[in-house]
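Here's the structure, in structure tokens; my notes come after.
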There are 2 protein chains.
Amino acid sequence: MLSFTEENYLKTLVQLTVFSEGVEEVGVNSLAKNLSVKPATVSDMLRKLKEKSLVNYKKYGKISLTEEGKLAGMMVVRRHRLWETFLYQKLDFSWDEVHELAEELEHVYSSKLINGLDKFLEFPAFDPHGDAIPNAKGEIALPFRKTLSEISIGESCRIVAVKDNSTDFLQYADKIGLKIQDVITIVAKEDFDALTTILIRNEEFVVSPKFTENIFVVCRLCGKAKGCSC
Amino acid sequence: MLSFTEENYLKTLVQLTVFSEGVEEVGVNSLAKNLSVKPATVSDMLRKLKEKSLVNYKKYGKISLTEEGKLAGMMVVRRHRLWETFLYQKLDFSWDEVHELAEELEHVYSSKLINGLDKFLEFPAFDPHGDAIPNAKGEIALPFRKTLSEISIGESCRIVAVKDNSTDFLQYADKIGLKIQDVITIVAKEDFDALTTILIRNEEFVVSPKFTENIFVVCRLCGKAKGCSC
DNA sequence: TTTAACTGTTAGATTAGTCTAACTTTATTA
DNA sequence: TAATAAAGTTAGACTAATCTAACAGTTAAA
Ligand SMILES: [Mn+2]
Ligand SMILES: [Mn+2]
Ligand SMILES: [Mn+2]
Ligand SMILES: [Mn+2]
């Protein structure tokens, strides 16, 4: 049995490695920052997680997940995203309200519950933020995606997900009418401060790099992020 | 904010007083037994609950809930029973599977979640075990009910709820085909050991007092437990 | 290559919730 | 009423998760 806290460490490690293209291991400070605890606390906990064969790690070394740890972390992500989908689809929560509650619900462990929920929702592929939901085996389709900040002037793309799940960001996105699957065109971009003018449904908005870096997009025609020849 | 543990103390106090006809206060030992902890632990916790004005209590005295404590305890019961209903109605859990999971889900606090769930389930009045669900204000219709053990030979009654929520008991009830709203007739009862022969849907079963004391019934015609003149 | 900056570890303290063992108060029974 | 039993409290200890402060190891710069 894993405690809430252990599960949070594993989930965060999944986010920091599995979901971070090209990153296989992290340091104590980075993990501590992402968990909002002090490095000393992480050092301690790592001993316990290593004891349970959930992480690969040695003193002063880098941290990575074992297969077992990765699976456990993936299951937390699965539960989180299924609950978000439930709240959004069935209880009429908005996409900026679901994350906080899912942080708690994700720790209620029961395969029967979570697989029942999956079936009840008719096996959704994505959560309300456009993130893929791992299946019962902990497998997930890791998509190649660009961020909106990588798109050039004059080009169009399709929003598939958001990186930031914070209330602030999501409510701002709502305010300018942005939705998953929308098409965005880059109208202009300042070299100086990267302020970008975008076009959504015939309306223009000036947005910051903080915004454009938080939006995942693919080619609006073929759905690919890399090697698209449309 | 109340911790899981504090919520469990309050919920148990509600069960031991509010839901126990004629009982207004309990002792440390009884509370300890019901929470599966030692009396010393309860003594400690009572200081904290008193500090927060959730219980009335003084050293070596009896324990009762304040209005505030009662409301908080009722909300835990509300969450518990709504989750049981959700699992039973929407995720196809059987009535002997829901209790354990609801013990965890009941501690996820969010009015929006719980009132949303209530609405989604179309404001159910009873949980799968026949127990009334408190409303959003913590109010509940406390029914007068007898236990099956109080019914005389030759009389019939209608099952409205079960007292025991344990897997063992509920699976046994399933095995003999017992369901909420069934009509039961007392065929015979031994003075010696209170073994009782009952009739459900034209089948006879011999059951123990442990069983008959765990079944709540009312008059099969008027639905009353007391003062029925049918 | 030596120092400075950064990264990570350890020691000691704290809090919540629990326990056992010893003690105190209240209730019951002889 | 005095002895005994039952109920309840307190002291001291433990675990998990956290912190701060001091220390140690690693990396990068001067
Ligand atoms: Mn989320
Ligand atoms: Mn999400
Ligand atoms: Mn229950
Ligand atoms: Mn129930």
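Just so we're on the same page: letters track the sequence lines, and every chain starts at 1.
Relative to the six-membered ring of B/Phe169, B/Lys163 misses at least one condition, a distance below 6.0 Å or an angle of at most 45° to the axis.
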Protein-to-nucleotide contact annotation, 5' to 3' order, nucleotides 22-28 of chain C [B base; S sugar-phosphate only; - none; under 4.0 Å, heavy atom]: --BSS--
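Salt bridge annotation for A/Glu106-A/Arg81: absent, with no cationic side-chain nitrogen under 4.0 angstrom from a carboxylate oxygen. Salt-bridge formation is not detected for the pair A/Glu24/A/Lys62: no Lys NZ or Arg NE/NH1/NH2 atom is positioned less than 4.0 Å from an Asp or Glu carboxylate oxygen. Taking the charged nitrogens against the carboxylate oxygens, A/Asp92 and B/Lys112 have no contact shorter than 4.0 Å, which rules out a salt bridge. A salt bridge links B/Glu7 to B/Arg79: one of the charged nitrogens lies within less than 4.0 Å of a carboxylate oxygen. Using a 4.0 Å cut-off between charged side-chain N and carboxylate O, B/Arg78 and B/Asp118 make a salt bridge.
Between A/Val55 and A/Lys50 the shortest heavy-atom distance is CG2-N, 3.7 Å.
Straight-line distance from the CZ atom of B/Arg47 to the C1' atom of C/dT18: 14 Å, rounded to whole Å. Spacing between atom NZ of B/Lys33 and atom C1' of D/dA6 amounts to 11 Å, rounded to whole angstrom units. For B/Lys58 and D/dG8, the NZ to P distance is 15 Å, given to the nearest whole Å. To the nearest angstrom, C1' of D/dA6 lies 16 Å from NZ of B/Lys38. Straight-line distance from the CG atom of A/Asp44 to the C1' atom of D/dT15: 13 Å, rounded to whole Å. Straight-line distance from the CG atom of B/Leu35 to the C1' atom of D/dG8: 16 Å, rounded to whole Å. Rounded to a whole Å, the CE atom of A/Met45 is 17 Å from the C1' atom of C/dG8. Here the P atom of nucleotide C/dA16 and the CG atom of B/Leu49 are 13 Å apart, to the nearest Å.
In this model, the phosphate group of C/dC6 is not approached by any side-chain N or O of A/Asn29 to a distance below 4.0 Å at OP1 or OP2. Contact check, A/Thr41 against D/dC19: a side-chain N or O comes under 4.0 Å of OP1 or OP2.
DNA chain C is contacted by B/Ser3, B/Thr5, B/Tyr9 of residues 1-9 of chain B, taking any non-hydrogen atom closer than 4.0 Å.
When each of C/dG8, D/dT18, D/dT20 is scored by its nearest atom to the side-chain atoms of A/Ala40, the top-ranked nucleotide is D/dT20. Each of C/dG8, C/dT20, D/dG8 was ranked by its minimum atom distance to the side chain of A/Tyr57; first place goes to C/dG8. Side-chain proximity of A/Lys62 to the nucleotides C/dT18, D/dG8, C/dG8 is greatest for C/dG8.
A/Phe216 and A/Phe144 have their aromatic ring centers separated by at least 6.0 angstrom.
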A/Val160/A/Ile180 under side-chain contact (heavy atoms from CB on, under 4.5 Å): CA gap, chis, key distance, verdict: CA-CA 5 Å; A/Val160 291; A/Ile180 302 288; 5.6 Å; no
